[in-house]
Amino acid sequence: MLRRKPTRLELKLDDTEEFESVKKELESRKKQRDEVDVVGVATSSEMSGASGGGTDGKTREQMIQERIGYKPHPKPNTLPSLFGNLQF
């Protein structure tokens, strides 16, 4: 395998200024999102407290299974379920 010389990277003043501006923008967005999340958590907890829990007696696992369409109940192993309605 042939070796080549390492590529030289130059860091310019414009690059560092651009990096700092993008970093500040991302931090401000994160702070805004965190503030919205904190307010959202408070309102959702108030709503769930007012509705009596709102889970309708289902566990978290059952709610997830219902949401993704998973039905953990096995089918019975009877002849009609295995072979259908075969008539001879």
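Remember, it's a predicted structure, so these values are computed and weren't measured experimentally.
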Legend entry - From CA spacing to verdict: side-chain hydrogen bond (donor to acceptor under 3.5 Å, both in side chains), Glu61, Gln65: CA-CA 6 Å; Glu61 183 178 335; Gln65 290 174 353; 3.3 Å; yes
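From Thr7, atom OG1 reaches atom CG of Leu9 across 7.0 Å, with rounding to the nearest 0.5 Å. Atom NZ of Lys24 and atom CG of Leu26 lie 13.0 Å apart (nearest 0.5 Å).
Using a 4.0 Å cut-off between charged side-chain N and carboxylate O, Arg29 and Glu25 make a salt bridge.
Within the structure, side-chain hydrogen bond (donor to acceptor under 3.5 Å, both in side chains) contacts touching residues 11-21 (residues at least two apart or in different chains) do not occur.
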